[in-house]
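Every value quoted in this text rests on a predicted model; they were computed, and no experiment measured them.
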Amino acid sequence: MTGPLSQDIRDLLLSRIKDVPDYPKPGVMFKDITPLLADPKAFAALTDTLVELARQYGATKIVGLEARGFILAAPVAVQAGIGFVPVRKAGKLPGATLAQSYELEYGSAEIEVHAEDLAAGDRVMVIDDVLATGGTAEASLSLIRRTGAEVAGVAVLMELSFLPGRAKLAPALGEAPLDALIVV
């Protein structure tokens, strides 16, 4: 983390993330961020931290990845005074879209963005809740670049260090930073 996260804020955020064993299936330890969202002090601290990163990145637009990334990204865009652009699962956006496929553990998926929402000259910060395998984030960077926009950086609340997300995302990042506020 190269951003502005103090130990007190890190401890606050961690204290509001609940471990849920065996969800959504046996053997998985789910990291539930809903208690963090329900705590106005913790949610504000997270938002303020991400706004500071957006300013450091020189972002002119914020992309939020479906679905929890929307919740984190929208208040950052409002507070930073810049536009918010949702990147959604295929088939969820009306009108002209750009789509990007990516590989999952078993099969593939596709994400989309409205074609007119990003353009050359935009510096785009991607926000999501968790970096796990990196597939969705990597696909979002491809989508952003296909619009002619520049990737300013990627910020996630939590990085799951036992999964290969950072390594998978590294080639797609190029010179853009990746900030994980919490690494578990």
Are side-chain heavy atoms of [X] and [Y] found at a separation under 4.5 Å?
{"X": "L181", "Y": "L53", "answer": "yes"}
{"X": "V63", "Y": "V113", "answer": "no"}
{"X": "L37", "Y": "I71", "answer": "yes"}

Exam field: side chain [X] to backbone [Y], donor-acceptor pair closer than 3.5 Å:
{"X": "T97", "Y": "A99", "answer": "no"}
{"X": "H114", "Y": "P94", "answer": "yes"}
{"X": "R123", "Y": "A149", "answer": "no"}
{"X": "T49", "Y": "L5", "answer": "no"}

TODO: Please identify each residue that fulfils side chain to side chain donor-acceptor pair (under 3.5 Å) with T136, with sequence neighbours left out.
DONE: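 By the side chain to side chain donor-acceptor pair (under 3.5 Å) rule, T136 matches Y102.
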Open item on the list: Between K92 and E112, does any side-chain N to carboxylate O distance fall below 4.0 Å?
Closed with: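 No, K92 and E112 are not salt-bridged.
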Open item on the list: Whether the S6 and D8 side chains hold a donor-acceptor pair (N or O, under 3.5 Å, no angle test) is what I'd like checked.
Closed with: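 Per modelled atom types, S6 and D8 side chains form no pair under 3.5 Å.
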TODO: Not counting sequence neighbours, list each pair that qualifies as a ring pair (Phe, Tyr, Trp, His ring centres under 6.0 Å) and has a residue in residues 12-41.
DONE: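 Residue pairs passing ring pair (Phe, Tyr, Trp, His ring centres under 6.0 Å), neighbours aside: Y23-F30.
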Minimal non-hydrogen separation, [X] against [Y], with atom names:
{"X": "E116", "Y": "A96", "result": "OE1-O, 3.9 Å"}
{"X": "S161", "Y": "V183", "result": "CB-CG1, 3.6 Å"}
{"X": "K18", "Y": "P35", "result": "CB-CG, 4.0 Å"}
{"X": "V76", "Y": "A54", "result": "CG1-CB, 4.5 Å"}
{"X": "S101", "Y": "E110", "result": "OG-OE2, 3.5 Å"}
{"X": "A59", "Y": "A152", "result": "CA-CB, 4.4 Å"}

Are [X] and [Y] joined in one hydrophobic group, where the rule is that I, L, V, M, F, W and Y side chains link up if heavy atoms are under 4.5 Å apart?
{"X": "L178", "Y": "L65", "result": "yes"}
{"X": "L93", "Y": "L98", "result": "no"}
{"X": "L12", "Y": "V156", "result": "no"}
{"X": "M158", "Y": "L163", "result": "yes"}
{"X": "V78", "Y": "V124", "result": "no"}

Separation between [atom1] of [X] and [atom2] of [Y], rounded to the nearest 0.5 Å:
{"X": "M29", "Y": "D32", "atom1": "CE", "atom2": "CG", "answer": "12.0 Å"}
{"X": "K41", "Y": "I9", "atom1": "NZ", "atom2": "CD1", "answer": "9.5 Å"}
{"X": "L50", "Y": "M125", "atom1": "CG", "atom2": "CE", "answer": "5.0 Å"}
{"X": "I62", "Y": "F70", "atom1": "CD1", "atom2": "CZ", "answer": "14.0 Å"}
{"X": "L141", "Y": "L169", "atom1": "CG", "atom2": "CG", "answer": "5.5 Å"}

Using the salt bridge (Lys or Arg N to Asp or Glu O under 4.0 Å) criterion, which residues pair with [X]? Sequence neighbours excluded.
{"X": "E138", "answer": "K168"}
{"X": "D19", "answer": "K31"}
{"X": "D39", "answer": "R16"}

Open item on the list: Under the salt bridge (Lys or Arg N to Asp or Glu O under 4.0 Å) definition, can you give me all pairs with a residue in residues 53-70, not counting sequence neighbours?
Closed with: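 Qualifying pairs, neighbours excluded: K61-D122, E66-R88, R68-D129.
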Task: Residue pair L72, I127: steps toward the side chain to side chain contact (heavy atoms under 4.5 Å, CB included) verdict - done: CA-CA 7 Å; L72 304 184; I127 296 177; 3.9 Å; yes
TODO: Determine, stepwise, if the pair Q56 / D179 fulfils side chain to side chain donor-acceptor pair (under 3.5 Å).
DONE: CA-CA 11 Å; Q56 286 178 18; D179 284 292; over 6 Å; no
Task: Option passing side-chain contact (heavy atoms from CB on, under 4.5 Å) with I33 (candidates L46, L157, V130) - done: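 With I33 as partner, side-chain contact (heavy atoms from CB on, under 4.5 Å) holds for just one option, L157.
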TODO: Begin from the C-alpha positions of S140 and I111 and carry the test side chain to side chain contact (heavy atoms under 4.5 Å, CB included) through to its verdict.
DONE: CA-CA 8 Å; S140 74; I111 56 173; 4.1 Å; yes
TODO: Evaluate the salt bridge (charged side-chain N to carboxylate O under 4.0 Å, His left out) criterion for residues R166 and E159: first the C-alpha distance (whole Å), next the side-chain angles of each, then the deciding distance (0.1 Å), finally the verdict.
DONE: CA-CA 8 Å; R166 183 172 288 268; E159 178 182 351; 2.8 Å; yes
TODO: Please step through side chain to side chain contact (heavy atoms under 4.5 Å, CB included) for the pair I182 and I17, ending with a clear verdict.
DONE: CA-CA 11 Å; I182 297 169; I17 298 170; 3.9 Å; yes
TODO: Given side chain to side chain contact (heavy atoms under 4.5 Å, CB included), test R146 with Q100 step by step and report yes or no.
DONE: CA-CA 10 Å; R146 285 176 50 210; Q100 182 70 43; 3.1 Å; yes
